[in-house]
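Atoms considered below: every heavy atom in the structure, side chains included; atoms not considered: hydrogens, waters and symmetry mates.
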Amino acid sequence: MEARTPSESKTILTDLVLPSETNPLNNLFGGELLARMDRAASIAARRHSRRIVVTASVNHVAFNKTIALGSVVTVEAKISRAFKTSMEIYIDVWIEDRESGICTKANEAIYTFVAVNEQGTPVPVPPVMPETDDEKERYDGALRRKQLSLVLAGKMKPNDATELKALFT
């Protein structure tokens, strides 16, 4: 299976925050942002794998800034690493200033998707070939994040988490 670059999976969704999507403080509901991120990540995972994909986990979400009613929000998703059948998708969320047009990073998240066939059975995915320094950093971090998740779930012994151990020795 031929490796693909993160840029081949890049997905950008841009939309306005509407009144029905806000809380009593007129900020975007967290759940609405999670749904937008899930949609962008699923498209990125599908572009990479060219298969049906399902959300396996939401590994990390940071709600660093509120997103006000009327804001222009851009969700950018790219694959950071692929394993046997799973893919880690890194998501950045940007807010565009209405007057200056300057975009500011508001939030980020990491989702994991699994590629499946028509019966829902996991299938292999192509490897990732990072190109930029940021992509390489996210690629390297993905293995540590996966090992940490497996250790916490009791599916990997801490001594077997070599990439994770290397951080502490």
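Here Ser49 pairs with nothing under the side-chain hydrogen bond (donor to acceptor under 3.5 Å, both in side chains) rule; sequence neighbours left out. Legend: residues meeting side-chain hydrogen bond (donor to acceptor under 3.5 Å, both in side chains) with Gln147, ordered by chain and number and at least two apart, are absent. Residues satisfying the side-chain contact (heavy atoms from CB on, under 4.5 Å) test with Pro158, not counting sequence neighbours, are Val151. Among residues two or more places apart in sequence or in another chain, the salt bridge (charged side-chain N to carboxylate O under 4.0 Å, His left out) test is passed with Arg47 by none. Annotation: side-chain hydrogen bond (donor to acceptor under 3.5 Å, both in side chains) contacts of Thr132 (sequence neighbours excluded): none. For Ser86, the side-chain contact (heavy atoms from CB on, under 4.5 Å) partners are Phe83, Thr112, Val114, Lys146, not counting sequence neighbours. The side-chain hydrogen bond (donor to acceptor under 3.5 Å, both in side chains) check on Lys105 picks up Asp92, Glu108, with sequence neighbours excluded. Judged as a salt bridge (charged side-chain N to carboxylate O under 4.0 Å, His left out), and not counting sequence neighbours, Asp97 has no contacts. Judged as a side-chain contact (heavy atoms from CB on, under 4.5 Å), and not counting sequence neighbours, the contacts of Pro126 are Met1, Arg4, His48. The side-chain contact (heavy atoms from CB on, under 4.5 Å) check on Ile110 picks up Asn59, His60, Glu88, Tyr90, Arg145, with sequence neighbours excluded.
Taking Ile, Leu, Val, Met, Phe, Trp and Tyr as members and joining any whose side-chain heavy atoms lie under 4.5 Å apart, directly or through other members, the hydrophobic cluster of Leu16 also contains Leu18, Val72.
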Exercise answer: donor-acceptor pairs, residues 23-30 side-chain atoms, under 3.5 Å, sequence neighbours excluded:
unit_1, atom_1, unit_2, atom_2, d
Asn23, OD1, Leu25, N, 2.8
Asn23, OD1, Asn26, N, 3.3
Asn23, OD1, Asn27, N, 3.1

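A salt bridge links Asp134 with Arg138: at least one charged nitrogen is closer than 4.0 Å to a carboxylate oxygen. The existence of a salt bridge linking Glu21 and Arg36 is confirmed by a sub-4.0 Å separation between a basic side-chain nitrogen and an acidic carboxylate oxygen.
Taking both residues in full, the closest heavy atoms of Ala82 and Pro127 are given as CB-CA, 4.3 Å, listed atom of the first, atom of the second, then distance.
With a 4.5 Å cut-off on side-chain heavy atoms, Glu135 and Lys78 count as touching. Contact check for Thr121 versus Val116: no side-chain heavy atoms found under the 4.5 Å cut-off.
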